[in-house]
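Single-structure report; data block below.
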Amino acid sequence: MKQELEKAYEPQKYEDDIYATWEESGFFNPDNLKAKGKPFVISMPPPNATGILHLGHASALAYEDLMIRYHRLKGRKALWVPGTDHAAIATQTKVEKILAKEGSSREELGREKFLARVRDYVAGSQDTIRNQTRKMGSSCDWSRERYTFDKGLSQAVSEAFVRMYNDGLIERDYRIVNWCPRCASTLADDEVEYEEQDAKLYYIKYGPFTIATTRPETKLADTGVAVHPSDKKYKKYIGQTLDIDLAGHNIKVKVFSDKAVDPKFGSGAVGVTPAHSAVDFEFAQKNGLEIIKLIGEDGKLLSSGGKYKGMDTLSARKVFVKDLEAADQIVKVEDYKNNLSICYRCDTPIEPLTSEQWFVRVNKKIPGRNKTLKQLATQTVKSGEIKILPDRFAKTYYHWMDNLHDWCISRQIWWGHRIPVWYKKSDTDIKLTLFRHTQSEANALKVGAGHKDYKLTEKGVEQAKKIAGEINPDDFDIIFSSDLSRAKQTAEILFPGKKIISDKRLREVDFGDMTDKSSLMINKYRAKGFPNGETYQDVRDRVQLFLDDISSKYKNKKIAVVSHSGVWKVFEIIFNGADFTEEFLSTHAALGAKEYDLDKKSEEIYVGHDKPKGKGWIQDEDTLDTWFSSALWTFSTLGWPIKNKIGFNKSLVEKVKNGEKTITHRLSEKELSVGETCIVENTQTKKSFGFIRITEVKKIKMKDLDLSEPGQGEYKSIEEFRKRIAKYYPDMDVTINSDLWVYRYIYSKKSDLDTFHPTTVMETGYDIIFFWVARMILMTEYLLDQKPFETVYLHGMIRDKAGKKMSKSLGNGIDPIEMSQKFGTDALRLSLIIGSAPGSDLKLYEEKIAGYRNFVNKLWNISRFIFSSVDKPKSIKTEPKAKTLADKWILSEFNNLAKEVDVDLAEFRFSAAGEKLYDFTWNKLADWYLEISKIEKNKDQILLYILERLLILWHPFTPFVTELLWQQFDTKEMLMVKSWPKTGKVDKKSLENFSDLQKLVIKIRNLKAENKIPPKDLPNCYLESKIFSKEDLAVVAQLSRVTLVDSLPKAKSFTIGKTKGKINLVKELSDKERSDLEKYIKATEAKLNNKNFTDNAPPQVVADTKKRLTEAKNKLK
RNA sequence: GGGCGGUUAGCUCAGUUGGUUAGAGCGCUUGCUCGACACGCAAGAGGUCACUGGUUCAAAUCCAGUAUCGCCCACCA
């Protein structure tokens, strides 16, 4: 790669090649690094698979790459896992827009075709993202690249769901949700944005009340009115249910009181619409109000809206208000500002409505951990286990966690992970009628019979006869009865002459020790189960078996069941969704017939990874919130949950263990894919050897198999191989021409999950702390009992020069790729990192990037100068000996710099580190040392020593130019994997003295410039110094462009520290300089005369002040 | 309504635990082709550190308040 370096650095000529060299080197993959110790790991926040890279990504990539490269140079195993997110709603919306342009829609295509279309689209744009990420110089491990829809990640999603479901943390419930009518899907609370809008506040005559509302049409579904408890006007109505007429539409509302009602707002009465307002829904639950759904998922009014049915909300409002006006029910209309909730993806107004959805219950105790998800996630940050930078965002995090509601995770869009739940609806057409036995002896005694065989009383017989009169036995095809006498007796009376099948499974619950005890005693055990008897869950299980039996045997039949109260309860639980509460279990079945439709019974539900065996299972139509899968990102990308097993015989495993790459056969191509981690197991002993991670999949034809390759050597011939396969896979037709998948494996003793998780740093924007960071912490703590990362580094938003958010609609966006083309990636990265503080927004504009382009060019030219001035560009191993003051100074400055940059980077002060490097490179090395090197000569060693190490220090910031310049050294290594320089000593004395030298030069230059002496002229100058050698003074003279003379009687004299000088030009101090000095002297003298100061300030400060005063006075002379 | 952040040179921003005469880059002025760099070199101008009060020997920095801009959160119909 060595070549003459041109005058100006042209990044676009080199960047792609350099990146390719890096990528081919394999060092992006920590497995190929010789590093030891704790790995440094970053999970790349996955960009949307369909997005293009914007400046936000570019800045994130710059920070992440900076950290990764720094820690790689520091000798740690640095892993940066890249990937993309399927971005459910965002992607679906995007493809839907394309379809709309084509005059099609997703409904027209249907689910499968639509999904195929999205997959195509994603595949195309993923490539764009990948290439753009490369363009930014990102040193991420592409062999570990993941996509949220990868098989392994999807498995992680269903695993998480199943575990949470089994722990009762995920549940299906009918609640109020945020509904986006355009997306036709629910949204999580934080996916709703608010926009202030001008609205009208309508005051409506509403029975005895006047209520105010911005959405009159929803009043059609009001079922309550809330008033403040102390509001005297309305006290008399509390508890009553009133009929209200709204322009001919009748509603029934229950009046209740709640302190949340502001008696001063409007008339102090609030109409409550439980189905379409989150607050009202809570009211309804607290006060037992009816819930009437008025607005459908399409945003149109349902039949509960009466004559307004079918209208969308806005037109319904218009018409309804008109009707109310006609009925003289509008009291007044006011202008009003309120917050309209809109969808964060498509800005469509959100419709709160009730619906059955899946929720993550954040306030429920996790079984066995005595904590809720919320508490778990809060504690991880509070305890300091996770550090958030800047720390003020920890507060934001707590606040959000405190206010977190249950998280609605089901979405009705198609593009997403299907919810791993299957339902089975039966189609038996069986009608089931349940009869309870009539009064038994135990009933009469008011004791619990349970399994004890009591008979019917006389009264019981009478009761049974009465019921018998009300039914026609021929209506039933088959009669079942509990095998206990009281039930059998009842059955015989109800169905005289019919065949009665008695079944033990229809018995009453077994009261165990509580048999023959009073119902008071028995009630205590109903919820928890009876000692030495049964629980109601037991009863449910045996009844379920009974039901399963009859559903397969007696299709289309009408079946009567004569049984007990306990079985009735279980029927209610199975068919009508009753709960196992003590209250419910203590109720008793009424006598008489109860009908149940076997097909309408609560569906059977199965939650698991795969479709259960058997017919009739249908998967839940919904998909999961995209953030549900993102929440697993740090560990799902590392192989969690490892499910795959690979069988090996022992000899093969030994070979892999020795670290060689090897291949072996697999027969099913769908079994494994790149990036997955698998357990290696001995096929005979079933003993596991450890893990391997698949890094490459290669399709090789059987006939092309090279049997001498490692891992294949054990087969002497294709024929032997074929036989072997045939033995293990007898069903497979193996011919010599079969295409087989052959995988290449690298052995690793630990899984990636063990090695790299928890990750080290999560670098992301503060805008997704809730969406993502919080959910990652929550899910990781729950599923792995680990934190997902140690430190959260939050960067700010990128804004334009005016401080506005960059957006397509404003047209103020800057395309990072364009900037990279124009100014180079290194310059762009610097402009994003230097001058920005964590958590605060950054304004970016072209001039700024151009400024850093200039710097990169400066670095280029510094190197160019050094390479051209030295004999041979070779690497210098140890710090060269300093010969002159300048040498001592630059080495000290460099050592200082290397140390400070190291500390700054380790402590996330990237901007500070960059500024220090910039200052050293330009203002110290280039402006002074290089100039001096032209005078003092023979500085090859020091120049090369510093340049080499400076390139390393710069490398995390500007990887391209530094790597390129590094190639000029006589080396085959890559800068990327060099080690961070060790720092030498700092000689303070030389720092001080050199500073005097600089001051001297500047002083003389000043005098020349102020006196309009042309730079070319070399006036005579006399210098006399206690600290500078003759050679040093010669340097001063050259830099300041004067002629040194041995004496100079009449001339302007000056003093810098311990050096006196005279120069033959006279220039008085300017008036401003003089007055500034006088002011300073006056102030400082006053300070020194202040006893308070001299007594209290540290002596060093006082001494310094005195010194400075003397200096100032000297200047005035 | 609650919370957080900002306000320092014309512009964009640094300024660690209070302690040189408050810094940088860009822009501006003047002058420069001295062995790399005009994407450069040298010199220079430019600031009541938003305001008011307090603490202190000492405040851009700490405290209280005010103004103003911005962000986040919240169920006020």
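So that the names make sense, note that chain A is the first sequence line, chain B the second, and so on, each numbered from 1.
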Expressed in angstrom and rounded to an integer, what is the separation of [X] atom [atom1] from [N] atom [atom2]?
X	N	atom1	atom2	answer
A/Leu947	B/A36	CG	P	17 Å
A/Leu917	B/A24	CG	P	18 Å
A/Tyr766	B/C73	OH	P	11 Å
A/Asp402	B/G2	CG	C1'	13 Å
A/Arg392	B/C72	CZ	C1'	11 Å
A/Phe855	B/A38	CZ	P	16 Å
A/Lys1008	B/G44	NZ	P	14 Å
A/Phe865	B/G35	CZ	P	10 Å

Write down the distance separating the [atom1] atoms in [N] and [M], rounded off to the nearest Å.
N	M	atom1	value
B/A64	B/G6	P	14 Å
B/U20	B/C32	P	38 Å
B/G27	B/U16	P	28 Å
B/U7	B/C63	P	15 Å
B/A59	B/C51	C1'	16 Å
B/A43	B/U56	P	44 Å
B/C13	B/U55	P	35 Å
B/C73	B/G18	C1'	35 Å

Which nucleotide in the list [options] gets nearest to the side chain of [X]?
X	options	answer
A/Asn403	B/U21, B/C41, B/C73	B/C73
A/Tyr194	B/A42, B/A74, B/A36	B/A74
A/Arg864	B/A43, B/U21, B/C37	B/C37
A/Lys7	B/C76, B/U21, B/A38	B/A38
A/Asn857	B/A36, B/C37, B/U20	B/C37
A/Lys937	B/A36, B/C71, B/G35	B/G35

Under 4.0 angstrom, heavy atoms only, what part of the nucleic acid is [X] near: base, sugar-phosphate, or nothing?
X	answer
A/Asp927	sugar-phosphate
A/Ile1002	sugar-phosphate
A/Phe283	nothing
A/Ala269	nothing

Legend entry - Any side-chain donor near an acceptor of the partner, A/Ser836 and A/Ser911, under 3.5 Å: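 Distance-only check fails for A/Ser836 and A/Ser911.
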Legend entry - A/Glu195-A/Asn339 side chain donor-acceptor pair, cut-off 3.5 Å: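 Distance-only check fails for A/Glu195 and A/Asn339.
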Anything under 3.5 Å between a protein N or O and an N or O of nucleotides 11-18 of chain B, put it in a table, one pair a line.
| residue | atom | partner | partner atom | Å |
| --- | --- | --- | --- | --- |
| B/U12 | O4' | A/Tyr845 | OH | 3.0 |
| B/U12 | O2' | A/Lys848 | NZ | 3.2 |
| B/C13 | OP2 | A/Lys843 | NZ | 3.1 |

Inset, instruction - Nearest 0.5 Å please: distance from the CZ atom of A/Phe320 over to the CG atom of A/Leu220. - result: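 Nearest 0.5 Å value for the CZ-CG distance: 4.5 Å.
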Inset, instruction - State the CG-CG distance between A/Leu947 and A/Leu965, to the nearest 0.5 angstrom. - result: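 Nearest 0.5 Å value for the CG-CG distance: 7.0 Å.
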Give none if [N] has no partner; otherwise give the nucleotide forming a Watson-Crick or G-U wobble pair with it, both distances under 3.5 Å.
N	value
B/A22	none
B/G53	B/C63
B/C32	B/G40
B/G5	B/C69
B/U16	none
B/G47	none

Of all heavy-atom pairs between [X] and [Y], which one has the smallest distance, and what is that distance?
X	Y	result
A/Ile849	A/Ser831	CG1-OG, 3.6 Å
A/Ala926	A/Ile862	CB-CD1, 3.6 Å
A/Asp841	A/Met797	OD1-N, 2.9 Å

Inset, instruction - Kindly indicate whether the side chain of A/Lys1003 and the base of B/A43 share any N or O donor-acceptor pair separated by less than 3.5 Å? - result: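 Side chain to base: no pair below 3.5 Å.
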Legend entry - Polar pair under 3.5 Å, donor/acceptor by atom type, side chain A/Lys858, base B/C39: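 For A/Lys858, whose side chain was compared with the base of B/C39, there is no donor-acceptor pair (under 3.5 Å).
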Can you see if the side chain of [X] gets near the phosphate of [N] - specifically, an N or O under 4.0 Å from OP1 or OP2?
X	N	value
A/Asn854	B/G40	yes
A/Arg1005	B/A43	yes
A/Trp922	B/C39	no

Legend entry - For A/Trp954, the option from A/Trp922, A/Phe855, A/Phe960, A/Tyr918 that meets ring-ring contact (aromatic ring centres under 6.0 Å, His included):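 Only one of A/Trp922, A/Phe855, A/Phe960, A/Tyr918 forms a ring-ring contact (aromatic ring centres under 6.0 Å, His included) with A/Trp954, namely A/Phe855.
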Under 3.5 Å, N/O pairs linking protein and nucleotides 27-34 of chain B:
| residue | atom | partner | partner atom | Å |
| --- | --- | --- | --- | --- |
| B/C34 | O2 | A/Arg1041 | NE | 2.7 |
| B/C34 | O2 | A/Arg1041 | NH1 | 2.4 |
| B/C34 | O2 | A/Arg1041 | NH2 | 2.8 |

Inset, instruction - Show your reasoning for whether side chain to side chain donor-acceptor pair (under 3.5 Å) applies to A/Glu193 and A/Tyr344. - result: CA-CA 6 Å; A/Glu193 282 177 1; A/Tyr344 81 138; over 6 Å; no
Do the non-hydrogen side-chain atoms of [X] and [Y] ever get within less than 4.5 Å of each other?
X	Y	value
A/Tyr852	A/Thr958	no
A/Phe910	A/Leu905	yes
A/Ile1081	A/Leu1109	yes

Inset, instruction - Decide, yes or no, whether a salt bridge links A/Arg909 with A/Glu900 under the criterion of side-chain N to carboxylate O below 4.0 Å. - result: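 Result for this pair is no, no salt bridge flagged.
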Check the interface with nucleotides 54-58 of chain B: list each N/O to N/O pair with the protein under 3.5 Å, or write none.
| residue | atom | partner | partner atom | Å |
| --- | --- | --- | --- | --- |
| B/C57 | O4' | A/Asn1092 | O | 3.3 |
| B/C57 | O2' | A/Asn1090 | ND2 | 3.4 |

Inset, instruction - Indicate the ring-plane relationship of A/Phe209 and A/Tyr206, choosing parallel, tilted or perpendicular according to the 30° and 60° boundaries. - result: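 Because their plane-to-plane angle lies in the 30° to 60° range, the rings of A/Phe209 and A/Tyr206 count as tilted.
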Inset, instruction - Just say parallel, tilted or perpendicular for the rings of A/Tyr14 and A/Tyr9, cut-offs at 30° and 60°. - result: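 Plane angle under 30°, so parallel.
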Legend entry - Earlier contact from the 5' end, RNA chain B, for A/Glu847 and A/Trp400: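 The answer here is A/Glu847.
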